[in-house]
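Structure, as structure tokens:
Chain letters run A, B, ... following the sequence lines, proteins first and then strands; every chain starts at 1.
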Amino acid sequence: MPYSAQEAEAKWQSVWRERATFAAVTDPSRPKYYVLEMFPYPSGRLHVGHVRNYTMGDVVARYKRAQGFNVLHPMGWDAFGLPAENAAIAGGIHPKEWTYANIRVMRGQLQRMGIAYDWAREIATCHPDYYRHEQKMFLDFLKAGLAYRRESWVNWDPEEHTVLANEQVIDGRGWRSGAPVEKRLLSQWFLRITNYADELLDALKTLDRWPERVRIMQENWIGRSEGARVWWKLAGRPDKLEVFTTRPDTLFGASFVAVSPNHPLATTLAESNPPLADFIAECNRVGTSEAAIETAEKKGFDTGLKAVHPLDPNWKLPVYVANFVLMEYGAGALFGCPAHDQRDFEFAAKYRLPIVSVVRPRDADDSYHVGSEPYVDQGGVLFNSQFLNGLGVAEAKTAMIARLEKLGAGEGTVQFRLRDWGVSRQRYWGCPIPVIHCAKCGIVPVPEKDLPVRLPDDVTFDRPGNPLDHHPTWKHVNCPTCGGKAQRETDTFDTFFESSWYFARFCSPRAPIAFERRDVDYWLPVDQYIGGIEHAVLHLLYSRFFTRALRDCGYLDLAEPFAGLFTQGMVCHETYQDEAGNWLFPEEAMTGPDGAVAPGITVGRSEKMSKSKKNVVGLETITEQYGADTARLYLLSDSPPERDLEWTDSGVEGIWRYVNRLVRLVENAKLPPPGAAPADHPARRAIHRAIAAVTDDFDKFRFNRAVARIRELTNLLEDDGASLPPAVLREGIEAAVRLVNPIMPHLAEELWHGLGHATLLADQPWPMADAALLIDEFVKVAVQVNGKLRATIDLPRDADQDAASKAALAQEGVVRAIDGKSVRKVIVVPNRIVNLVV
RNA sequence: GCCGGUGUGGCGGAAUGGUAGACGCGACGGACUCAAAAUCCGUUUCUCGCAAGGGAGUGGGGGUUCGAGUCCCUUCACCGGCACCA
């Protein structure tokens, strides 16, 4: 009879729950280990693709616990967000109800998977007991000058009717809706993440347990570039024009100055210049998304103004308004040096501007002139450039900046691509921003005694826009300062606000303040964080910033929240479409004979499991048929954890067969009672090698290899079990059960119990490999002739070189390969290889 | 365009510069069975050969080395990030 996973899993889950086996208690006398998986948005039901990272986190948590660490492994819900509001609009269910209903379902699913969470620490970010603390944080940020309000052009998602941060715009589209983003001018709250640009960049170097890839992505996102501000006088006008450049060395090659269509100078000039106004309007009409498509077309409008070269009062350059100049970067203005910049080169060619070469390759002379391509290499030498002549590019930059500073015409500066984080969202289902707008007093923070500013429940979704704005009474309040009539801020925080500090709240989930100092000092940083690569710059950058902001407001003493980061691969599955192109669920497609794909259905390539393409396998489908352990082992087998995993029915069946083989192995073994000391036997070496290898694999996140080692061990015990001394067989079986425990904890408890133990396996220490048994007396040594394998020989361990080469030369295959030629050289790598060079 | 990653059997993938293909999936053959399922045993990189035994082989080309999937150069393909960023 096959193993009843249903029964065993329910039993052990209730034992763990009753004994509070996985409850974490702050205890500075013990070494701690904080394992965290990125908490989910409660969007509905989990499918098998969702639970891979929770399974990995659970293996780490159980493994570290067995090694004696005080483990914190919590779970919660990133519960604010748009889908809840969309559900309200579509189905008439309140976002709160929808969210909590989903939480109930998903909590049940995670519990069914047997993940060892300390459920007493569960949090939901939509609860006032959570979000009240971030309202306080915001007020502290405001005091510290880390939060501010300004009018700005924002990314507007026309589908979601809300603002998006730069990090949330992917290829000109909303990261969630996929709708082309528009530009709008709105008054918004911002957090000064740019204050920390240098620190966030520099500290990336210290994150040695983060994937290189994620660090590079953040580095690119922060986008530090060194250069200079240069101030240009405008002929006939009192004001100056500031431009930013990374190539101050090429200033003698300048041939034009260009400003953004949104530059104040352009706006001013357009007032009295209708064609320019038309040109600017045309530039703005082309949205961000279309601009990406039309990259080639560079357009400019000659304002007629002349800019005076900062190093030569007699040198005057035309001032253009140009569509390729971004208002948001640098000064919103630049000088063009066509000879040494691709984009300036194209612009100059189009408007017939001079192309003056000022940098030449080292092997060219001063008659050098750029041809059909600009010379952008920075390894060249300056010429045609007065005091810079003969200098390399780097020295020329320094020299030019020094000269500009002396003349008061510019200064060296560092420019970042990173912008401040806009956190205002015109949505209902988020944390209210705790400020009040008073006509008399301006912006007034909500007094701390009035926190939390609660989200009202009685809202309607019958018209577009923000329900908080439509609410009849909620926003009408008296000004805390003057007592006069005033209005609440109706915007709510970007939901990345909640996820920027939840890892700290888990340390003191029920504290009356955000978190207790004693708890965060002990538990933080998170030792191992696990989640998807899609948060490489969003959540992970915000959290790094937020932790620093909290540090500077006295909340904690920490800069980096996540000491170790692992980004897991996705779970993929084939996709199915019918003749009309509709996506089908696997169970809808597999209606042919023997579960084959039904006629007329197209099998598409394997893609990340997603609801929209319906290529998902429900979690219950697997747990009901095979149990949680089978799903857990499958999710960790075969593919390395950082790579994508292909979900197949036959793969799951293979795992299920293995589960039953393990059960039979234990059931059929004739064993002495627990505790029998095994006599020396060669099989013990294999057992202890397996323990050592699996331990190493778990340490290095190589779960697929750990699984292979465990299977090797159980294969050996199955094949040779009958001939092993019973005490040795017991040692081997117990080792296998204990090694597999972090991956299949229910089955392991069941087998442990079946082996006659009254203890809980979850409370047992991790098995130790006996170092003496890891060393073999005899080793297999490969014999090569000219690097080609010709034989293998068994030699005593650490046999000397002469003995090794003699044994090698005695081999029949070796003699044949040498074929009477003389041996010129013998390379002996002890215990590994003998290579004869002939 | 810039930056990064990955290329190994039919498939997923193993391999501190030292016996390439561990472990699995699939396939094929066999045992058990009236039959099937389940289970068990065996084969499974390609190629020549009845066999013994050869030869080739980690995207392509070159190099370093006694020895390269692994290191270096170059090239191709795919994946990811960034991008009128001055």
*Among A:Arg664, A:Arg711, A:Arg661, the one residue meeting salt bridge (charged side-chain N to carboxylate O under 4.0 Å, His left out) with A:Glu718*: A:Arg661
*asked:* In whole Å, I'd like the distance from the CZ atom of A:Phe703 to the P atom of B:G13.
replied: 17 Å
*salt bridge (charged side-chain N to carboxylate O under 4.0 Å, His left out) with A:Arg544: which residues, sequence neighbours excluded?*
A:Glu560
*asked:* Taking the nucleotide of RNA chain B with the nearest heavy atom to each, does A:Arg417 or A:Arg816 sit closer to the 5' end?
replied: A:Arg816
*asked:* Between A:Glu226 and A:Lys397, does any side-chain N to carboxylate O distance fall below 4.0 Å?
replied: no
*Mind checking A:Val325 for me? I need base, sugar-phosphate or nothing, with any heavy atom below 4.0 Å counting as a touch.*
base
*C1' gap between B:A38 and B:C32, integer Å*: 11 Å
Interface polar pairs with nucleotides 21-27 of chain B, N/O, under 3.5 angstrom:
{"from": "B:A22", "atom 1": "O2'", "to": "A:Glu712", "atom 2": "OE2", "distance (Å)": "2.4"}
{"from": "B:G24", "atom 1": "OP1", "to": "A:Asn715", "atom 2": "ND2", "distance (Å)": "3.0"}
{"from": "B:C25", "atom 1": "OP1", "to": "A:Arg657", "atom 2": "NH2", "distance (Å)": "3.2"}
{"from": "B:C25", "atom 1": "O2'", "to": "A:Ser650", "atom 2": "OG", "distance (Å)": "3.3"}
{"from": "B:G26", "atom 1": "OP2", "to": "A:Arg657", "atom 2": "NH2", "distance (Å)": "3.3"}

*Name the pairing partner of B:G1, where a pair is Watson-Crick or G-U wobble with both distances under 3.5 Å, or state none.*
B:C82
*If you measure from the Lys or Arg side-chain nitrogens to the Asp or Glu carboxylate oxygens, is any gap between A:Glu712 and A:Arg709 under 4.0 Å?*
yes
*Taking NZ, NE, NH1 and NH2 as the nitrogens, is one of them in A:Lys700 or A:Asp696 under 4.0 Å from a carboxylate oxygen of the other?*
yes
*Under 4.0 Å: is that the gap between some side-chain N or O of A:Lys608 and OP1 or OP2 of B:C79?*
no
*With the side chain of A:Thr792 defined as its heavy atoms from C-beta on, choose the nearest nucleotide among B:U19, B:A86, B:C84.*
B:U19
_Pick the closest RNA chain B nucleotide for A:Gly813 and for A:Ser637 by heavy atoms, then say which residue is nearer the 5' end._
A:Ser637
*asked:* Nearest whole Å is fine: how far is B:A86 P from A:Asp341 CG?
replied: 9 Å
*Counting only side-chain N and O atoms of A:Arg343, is one of them less than 4.0 Å from OP1 or OP2 of B:C85?*
yes
*Can a donor-acceptor pair under 3.5 Å be found between the side-chain atoms of A:Arg790 and the base atoms of B:U19?*
no
*Base-pairing assignment for B:G26 (Watson-Crick or G-U wobble, both under 3.5 Å)*: B:U44
*For A:Gln415 and B:A86, what is the distance between atoms CD and C1' respectively, to the nearest whole Å?*
9 Å
*Just checking A:Thr245: base, sugar-phosphate only, or nothing, at a heavy-atom cut-off of under 4.0 Å?*
sugar-phosphate
*Name all residues meeting the ring pair (Phe, Tyr, Trp, His ring centres under 6.0 Å) criterion together with A:Phe244; count only those two or more places apart in sequence or in a different chain, and write none if there are none.*
none
*List for me each residue that meets salt bridge (charged side-chain N to carboxylate O under 4.0 Å, His left out) alongside A:Glu212, sequence neighbours excluded, and say none if there are none.*
A:Arg215
*Quick one: classify the glycosidic conformation of B:G42 as syn or anti, with syn meaning within 90° of 0.*
anti
*Would you sort out whether A:Ser637 and A:Tyr658 count as a side chain to side chain donor-acceptor pair (under 3.5 Å), showing the intermediate values?*
CA-CA 12 Å; A:Ser637 303; A:Tyr658 177 68; over 6 Å; no
_Using the P atom as the point on both nucleotides, what is the distance between B:C11 and B:G26, in whole Å?_
15 Å
*OP1 or OP2 of B:A14 sitting under 4.0 Å from any side-chain N/O of A:Arg702?*
no
*Hey, can you tell me if A:Trp232 and A:His309 have their rings parallel, tilted or perpendicular (30° and 60° cut-offs)?*
perpendicular
_Spacing between A:Arg215 atom CZ and B:C82 atom P, to the nearest angstrom_ = 18 Å
*Heavy-atom protein contacts under 4.0 Å, nucleotides 62-71 of chain B, coded B base, S sugar-phosphate only, - none*: ----BS----
_Please confirm whether the ring centroid of A:Tyr634 lies under 6.0 Å from the ring centroid of A:Trp656._
no
_A:Phe347 and A:Phe345 aromatic centres sub-6.0 Å_ = no
*C1' atom, B:G13 versus B:G21: distance in rounded Å?*
9 Å
*What is the per-nucleotide protein-contact pattern of nucleotides 2-11 of chain B, from the 5' end, where B denotes a base atom under 4.0 Å from a protein heavy atom, S denotes such proximity for sugar-phosphate atoms only, and - denotes neither?*
-SS--S----
*B:G9 and B:A20, which share atom name C1', separated by this distance in whole Å*: 11 Å
*Rounded distance (Å) that lies between atom C1' of B:C85 and atom CD1 of A:Ile222*: 15 Å
*Between A:Tyr320 and A:Tyr351, does the ring centroid distance fall short of 6.0 Å?*
yes
*Gap in Å between the two C1' atoms, one belonging to B:G7 and one to B:G67, rounded*: 24 Å
*So which nucleotide does B:G7 pair with, by the Watson-Crick or G-U wobble rule with both distances under 3.5 Å?*
B:C76
*Calculate the interatomic distance between A:Glu812 atom CD and B:A52 atom P; express it in whole Å.*
13 Å
*In whole angstrom, what separates A:Tyr329's OH from B:A83's P?*
12 Å
_Whole-Å C1' distance, B:G62 and B:C78_ = 23 Å
*Contact class for A:Lys780 (heavy atom, under 4.0 Å): base, sugar-phosphate, or nothing?*
base
*Please state the P separation for the pair B:U64 and B:G69 - nearest whole angstrom.*
16 Å
_Does this structure show an ion pair linking A:Lys240 with A:Glu242, if we count only N-O contacts that are shorter than 4.0 Å?_
no
*Integer-rounded Å distance: B:U39 P and A:Leu665 CG*: 15 Å
*Should the pair A:Lys350-A:Glu346 be classified as a salt bridge under the 4.0 Å nitrogen-to-oxygen rule?*
no
*asked:* Rounding to an integer number of angstrom, what distance separates B:U16 and B:A68 when you compare their C1' atoms?
replied: 15 Å
